[in-house]
Amino acid sequence: MLLSSKLPSVETTIFTVMSRLAEQHGALNLGQGFPDFDPPPELQAALARHVSSGHNQYAPMAGVLRLREQIAVKLGRDYRVALDPVHEITVTSGATEGIFDAIAAVVGPGDEVVMLDPCYDSYEPAVRLQSAQPIHVPLVPGRFSIDFERLRAALSERTRLVIVNFPHNPSGAVLSAEDLERLAECVRGTNALLLSDEVYEHIVFDGVPQHSLLGHAELRERTFVVGSFGKAYHATGWKVGWVAAPPALSVELRKVHQFVTFSTSTAAQHAFAEVLEADRGQLAALAGFYQRKRDAFRALLAASHLRLLPVAGTYFQLADYSALSNEPDVAFARRLVAEVGVAAIPISVFYAEPPPDQRLIRLCFAKSDATLEEAAARLNSLRAPAPQGG
């Protein structure tokens, strides 16, 4: 039987590859972006309570209304926006499903979708499955900010969607209010829609506010905004996310969502709704929690030969290893997990065309103090090669 692949260039994701290597070598997994600690006790208790009280069958397709109402309250508090929980908020089985649903809902054959490199690896396959063309626009090297001139030049009559992701994975860069204005200028007068991946919205450091596209009235009218409870509550395995979008866009998104997962874990939705409604300050405390981990991890690595790039948000640290090796980043990451016992993510996999002289790996600091201390000790043991004698 002949089989023609719809994604012939797609292989197993680097996150799965590195996690599997970490398991094989007994390495510390600072690669895949998940915490090695549990969700808050009150969330665990709420889940158990809702399982035992009978919330185990299909949830409403768009999501449990109580949860959608609490998402609207949260977003209203954070970004001063009034959203209709019935018509503008949809609960999805993780942010990745929400991203796929949004792309599949509005992108068709021959359309172009602009994405900013380095970008999360699920974007392009979702675009190609719609028989559309990905258009990659590099972020400013080193700063990972939007190059608005290049973005503007990439837009055409065929541009259907522009995908942005801030706080940015893998760099941790964030958007400013001025960035939102310049983004609005770029798409003004076009038919381009926007998809804003904001799963790290609560992990922004040094007192800097998160500037969501929801908080910009002009952008909000053409944008799908995707969020994640997994990132906010240390529960990535529960796979509960959400999409906020204007009613007309939400209608189209739900047409896809109902045939992808139909609905998301009912008990988990009730548990998140309960914790959100109680509002014990977990979300407000999240930035400080991870900033302490960021600062401690950076201090632990101060004696290493890695050059640490600034981190404005997310729970990822980019590290330049060029003082240690000239190897391509995939080869270096594979050697790191096998010889040093630390799994990292090579950054080239986030690019269509990675900068040839870039030597960066991504380390996740959403780990226990003990894990970070041991990982730093192993990374500090790396030594630059001795100079060759003449």
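When a residue number appears, it is its place in the shown sequence, counting from 1.
The local environment of CZ in Arg152 is crowded, with over 12 non-hydrogen atoms from other residues, nucleotides or ligands closer than 6.0 Å. Other residues, nucleotides and ligands contribute more than 12 heavy atoms inside 6.0 Å of the CD atom of Gln24. Heavy-atom contacts from other residues, nucleotides or ligands closer than 6.0 Å to CD of Glu185 number more than 12. No more than 12 heavy-atom neighbours from other residues, nucleotides or ligands sit within 6.0 angstrom of CZ on Arg334. Residue-environment remark: CZ (Arg143) stays at or below the threshold of 12 foreign heavy atoms within 6.0 Å.
For the side-chain hydrogen bond (donor to acceptor under 3.5 Å, both in side chains) with Thr90, the lone residue among Arg254, Gln258, His257, Arg68 that qualifies is Arg254. Checking Phe365, Phe297, Tyr200 one by one against Phe316, the ring-ring contact (aromatic ring centres under 6.0 Å, His included) holds for a single residue, Tyr200.
When atom types are taken as modelled, the side chain of Arg220 and the backbone of Gly215 share no donor-acceptor pair closer than 3.5 angstrom. A donor-acceptor pair is defined here as one N or O able to donate and one able to accept, closer than 3.5 Å; no such pair exists between the side chain of Glu339 and the backbone of Arg335. The main-chain N or O of Arg292 is never found under 3.5 Å from a side-chain atom of Asp295 such that the two would form a donor-acceptor pair. Counting only distance, with no hydrogens or angles, the side chain of Thr371 and the backbone of Lys367 share no donor-acceptor pair below 3.5 Å. Without hydrogens or angle criteria, Tyr321 side chain to Ile361 main chain gives no donor-acceptor distance under 3.5 Å. Between the Arg128 side chain and the Pro134 main chain, no donor and acceptor come within less than 3.5 Å of each other. Between the side chain of Thr223 and the backbone N or O of Leu219, at least one donor-acceptor pair lies under 3.5 Å. For the pair Asn380 (side chain) and Ala376 (backbone), a donor-acceptor distance under 3.5 Å is present. Looking only at distances, no side-chain donor or acceptor of Ser228 sits under 3.5 Å from a matching main-chain atom of Val199. For Thr266 (side chain) and Ala59 (main-chain N/O), a donor-acceptor pair under 3.5 Å exists by modelled atom type.
Contact record, Ala22 with Ala343: CB-CB, 3.8 Å, taken as the closest heavy-atom pair.
In this model, a donor atom of one side chain and an acceptor atom of the other lie less than 3.5 Å apart for Glu181 and His216. Side chain to side chain, Asp121 and Thr13 fail the donor-acceptor criterion of an N or O pair below 3.5 Å. For the residue pair Asn165 / His168, no side-chain donor-acceptor distance below 3.5 Å is found, with atom types taken as modelled. Glu97 and Thr261 share a donor-acceptor pair across their side chains, judged by distance under 3.5 Å alone. A donor-acceptor pair shorter than 3.5 Å can be found between the side chains of Ser19 and Gln32. Side-chain atoms of Ser212 and Gln210 include no donor-acceptor pair closer than 3.5 Å. Under the 3.5 Å distance criterion, with hydrogens and angles disregarded, a donor-acceptor pair is assigned to the side chains of His50 and Glu274. With 3.5 Å as the limit, one finds no donor-acceptor pair spanning the side chains of Arg222 and Asn191. Donor-acceptor pairing under 3.5 Å is recorded for the side chains of Ser93 and Thr264.
Under a 4.0 Å N-O distance rule, the pair Glu252/Lys255 qualifies as a salt bridge. Comment: Glu69 does not engage Arg66 in a salt bridge, judged by the lack of any side-chain N to carboxylate O separation of less than 4.0 angstrom. Between Asp279 and Lys74 there is no salt bridge, since none of the side-chain N atoms of the basic residue sits less than 4.0 Å from a carboxylate O of the acidic one. Comment: Asp206 engages Arg294 in a salt bridge, judged by a side-chain N to carboxylate O separation of less than 4.0 angstrom. Using a 4.0 Å cut-off between a side-chain N of Lys or Arg and a carboxylate O of Asp or Glu, Lys231 and Glu201 do not qualify as a salt bridge. Glu112 has no carboxylate O lying under 4.0 Å from a charged side-chain N of Arg160, or vice versa, which leaves the two without a salt bridge.
Following chains of ILVMFWY side-chain contacts shorter than 4.5 Å, one can reach Leu21 starting from Val349, so the two form part of one hydrophobic cluster.
Classification of the Phe272-Phe229 ring pair by plane angle, with boundaries at 30° and 60°, yields parallel. By the 30° and 60° cut-offs, the orientation of the rings of Tyr290 relative to Phe37 is tilted.
Note: Tyr123 and His136 fail the aromatic proximity criterion, with ring centroids not under 6.0 Å apart.
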